[in-house]
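These notes concern the structure reproduced below.
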Amino acid sequence: MNIIENIQIGERYKVQPSHFHRPFIGIVKKVEDTDITFEVENFEFVDQEKINDDRLITVDIADVKYPMNQNYFFS
């Protein structure tokens, strides 16, 4: 199965683009070839100049680290 097929529109993911200092959390808005457009939900202050007012950013599939599931385990 192709990894791009696992990326779901509307789902939250942790993303670490190479030009960012820290990862951000975003919601998938569009998937096209190997590019994925996210609406940035949460980001670090150090990267604020890289986030536009519309909070949309397009990254490569390799920048997507993992989904932010709603399933949490506390011990």
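We number each residue from 1, following the sequence as shown.
Put simply, the side chain of Ile36 does not reach to within 4.5 Å of the side chain of Thr58, judged on heavy atoms. The shortest distance between side-chain heavy atoms of His21 and Glu44 does not fall below 4.5 Å. Side-chain contact between Tyr13 and Gln8 is present, with heavy atoms from C-beta onward closer than 4.5 Å. Put simply, the side chain of Lys65 does not reach to within 4.5 Å of the side chain of Val15, judged on heavy atoms. Between Ile57 and Phe24 there is a side-chain heavy-atom pair separated by less than 4.5 Å.
Looking at Ile27, Val59, Leu56 one by one, the single match for side chain to side chain contact (heavy atoms under 4.5 Å, CB included) with Phe38 turns out to be Val59. Val28 pairs with exactly one of Ile9, Val64, Thr37 by the side chain to side chain contact (heavy atoms under 4.5 Å, CB included) rule, that one being Ile9. Checked against Met68 for a side chain to side chain contact (heavy atoms under 4.5 Å, CB included), the options Glu41, Arg12, Glu11 give a single hit: Arg12.
When all heavy atoms of Phe43 and Asp47 are compared, the closest pair comes out as CD1-C, 4.5 Å. Scanning both residues, Pro23 and Lys14, for their nearest heavy atoms gives CB-CG, 3.8 Å.
Separating the CD1 atom in Ile61 from the CG atom in Asp35 is a distance of 9.5 Å, to the nearest 0.5 Å. The distance from atom CZ of Arg22 to atom CG of Asn42, rounded to the nearest 0.5 Å, is 13.5 Å.
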- Message: One pair to check against salt bridge (charged side-chain N to carboxylate O under 4.0 Å, His left out): Glu39 and Lys29. What are the steps and the verdict?
- Response: CA-CA 7 Å; Glu39 180 178 359; Lys29 293 296 180 182; 3.1 Å; yes

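Using a distance-only test at 3.5 Å, with no hydrogens or angles considered, a donor-acceptor pair links the side chain of Asp60 to the main chain of Ala62.
Residue Ile25 is grouped with residue Tyr66 when hydrophobic side chains (ILVMFWY) are merged at heavy-atom distances under 4.5 angstrom, including chains of intermediate members.
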